[in-house]
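Not measured: the values here are computed from a predicted model. Naming: A, B, ... by sequence-line order, numbering from 1 per chain.
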Amino acid sequence: MKENTPLERLYNGVIKENPTFVLMLGMCPTLAVTTSAVNGVGMGLSTCAVLMMSNLIISILRKFIPERVRMPAYIVVVASFVTVVELLMQAYVRSVYTSLGLYIPLIVVNCIILGRAESYAGKNPPLASFFDGLGMGLGFTLALTVIGALRELLGTGEIFGFRIMPESFEPVSIMIMAPGAFFVLAILTALQNRFKAPSATNRSDKFCSGSCSGCMQKNCGFRERSDEE
Amino acid sequence: MSKTLNVSISPHVRSRETTATIMADVIIALIPSIAVGVYVFGARAFAITMLSVVSCVASEYIYEKLLKKPITITDLSAVVTGLILAVNLYSTAPWWLPILGGAFAIIVVKMLYGGIGQNIMNPALAARCFLLLSFSRIMTDYPRLDGVSSATPLTLAKEGVYTPVRDLLLGTHSGTIGETSAIAIIIGAVYLCARGIIKPREPLSVIISTGVFVTLFSVIQGRPVTLDFLAVHMLGGGMLLGAVFMASDYTTTPVTPWGQVIFGCCVGFITALIRCVGGGTEGVSYAICISNILTPLIEKLTIPTPFGLKKERGKK
């Protein structure tokens, strides 16, 4: 697939470099808010909205932002959009807003958003950056929804509030407590490795795929060269 | 080459003791407690115990078979895990509870960390905590004795009712399958100490420190500390059982003598904290699990100086 096209960015964000399952970024909201599928969707979509807009603006401003103060500049952009999203959620989806609580303002320091700004939006044109944000955001939403749905199913016997399990099923409440998040994420990652899907420990690409965005390789000559250019 | 001239690698002096013989001794020591449990709570207690053991052994066998690892069920450690899990359950538990608990203990807590000797917590206790957090309603469903008393001595003590010491010693009161009779547990403890499986300092440090901290916290809170009150705390809960069979586990407790004493005091402190200050009635299983996590730190603090070396001052 051609690099940096909108479709390729979407595929990259949702499957190839899924922020939760492959890059293992943003673990704090992933583990903390996924007590139900609704919370997972809410957190995922609000992060997605912030990610798209911040990627777009940072990409437009990438020529103006001085190298030295890029982090504060990124934070200002991200924080502005988080405030917008927070106020919108407070106004229109009050129940999700209350159940996510502190984790909405914390989107500002979400490492997926800063990571995409630093490794992608700061170097690439606006359209591709926008779709990179959309892809990553959808990947994050997908991951959080899957984890949230599994935890809700085992912890309460419901998904999105609809009864799935038979009445005789005794809810395993630990699944909607903190340990349950670790159990579910660990089992999903183990399954990824078992079926050789891309994951943090089982990267399908060779040493370098030519794309630095999301590459975890440190001391890589390629990155230094591209930075110098 | 003849056997006498055979040059072999160490160890040259072998003990007849194997994992299986140690585990067999632990099983023998648990028999009195389980027997009392079955006598007091009926055949259902026996069924729960058997289900738990079968679940543990089967989980270990299936896991090792699926992962093509050597089968280790003959070392009896899974049987011990199953028995310890069972003595921590109420006899009113539904049939699937010990099965789920046993599978969790063996697969998640023991095998995923690398099998026997590698687990970070006592598998049976971790499984009990898992069940307690998951199914709090079922796990606090006390068995009814004679249709009258249903709460455990510790729950009653919170309301100011103290169970007679005679009942506490004999085990004719409500509680989990193995924790009721103090005498049965002490018989097991004496057997284990006599066989050299555990050192008396391990259970003793837990028992003494629990008594000290319970008294301390109660005095601070201005509650009257009577003999009846202390007797319930010392004999009525799962503390004795935990001190003898769980705070002496080889894998998850320190190996150094002073480390074992510190470990015991940790368990006693956290138990007293949960019982007297916290909202719960019993906290021995949490106390031991938390102390299990502290074990590497305690061992680091109490590394003995090798023979012939001076203790380095000012350095840790």
Side-chain angles (χ1 to χ4, degrees), chain A residues 20-21 24 27-28 30-37 39-40 99 146-159 161 163-197 199-202, chain B residues 48 51 55 59 62-63 65-69 85 88-90 92-114 118-141 279-280 285-286 289-290 292-293:
Chain A
T20 304
F21 292 136
M24 288 276 167
M27 282 295 113
C28 180
T30 305
L31 295 170
V33 302
T34 52
T35 49
S36 68
N39 282 358
S99 62
V146 169
I147 296 174
L150 285 174
R151 287 178 69 187
E152 193 183 353
L153 178 68
L154 293 171
T156 61
E158 300 171 339
I159 291 183
R163 187 88 200 169
I164 302 285
M165 292 293 204
E167 283 301 318
S168 57
F169 172 76
E170 188 70 41
V172 191
S173 344
I174 199 171
M175 299 311 282
I176 49 173
M177 299 181 204
F182 287 93
F183 291 153
V184 170
L185 185 67
I187 289 169
L188 288 177
T189 307
L191 287 176
Q192 269 170 272
N193 284 341
R194 174 69 185 81
F195 295 107
K196 305 253 187 298
S199 77
T201 50
N202 181 30
Chain B
I48 295 282
L51 277 174
S55 164
S59 306
I62 292 168
Y63 181 91
K65 198 84 189 165
L66 283 179
L67 270 73
K68 301 188 177 60
K69 293 186 173 190
L85 174 65
N88 277 304
L89 297 174
Y90 290 115
T92 48
W95 59 270
W96 48 266
L97 202 74
I99 295 180
L100 182 65
F104 183 87
I106 294 297
I107 294 173
V108 177
V109 189
K110 186 177 168 194
M111 300 319 284
L112 286 185
Y113 283 96
Q118 308 288 328
N119 42 303
I120 56 165
M121 283 183 202
N122 188 321
L125 277 187
R128 184 198 137 94
C129 294
F130 165 76
L131 294 177
L132 198 59
L133 285 172
S134 301
F135 313 104
S136 47
R137 189 181 55 76
I138 297 175
M139 287 294 285
T140 48
D141 185 14
S285 43
Y286 289 126
C289 279
I290 295 170
N292 283 162
I293 303 289

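In A:Phe182, the CZ atom is not crowded: 12 or fewer heavy atoms of neighbouring residues, nucleotides or ligands sit closer than 6.0 Å.
Looking at B:Leu100, neither its backbone nor its side chain comes within 4.5 Å of chain A, counting heavy atoms on both sides.
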Check chain A and chain B for donor-acceptor pairs under 3.5 Å and report each one on its own line.
unit_1	atom_1	unit_2	atom_2	d
A:Glu170	OE1	B:Arg137	NH2	3.3
A:Glu170	OE2	B:Arg137	NH2	3.3
A:Ser173	N	B:Ser134	O	3.1
A:Ser173	OG	B:Ser134	O	2.4

*For A:Val172 and B:Phe130, what are the C-alpha separation, side-chain angles and deciding distance, and is it a side chain to side chain contact (heavy atoms under 4.5 Å, CB included)?*
CA-CA 9 Å; A:Val172 191; B:Phe130 165 76; 4.3 Å; yes
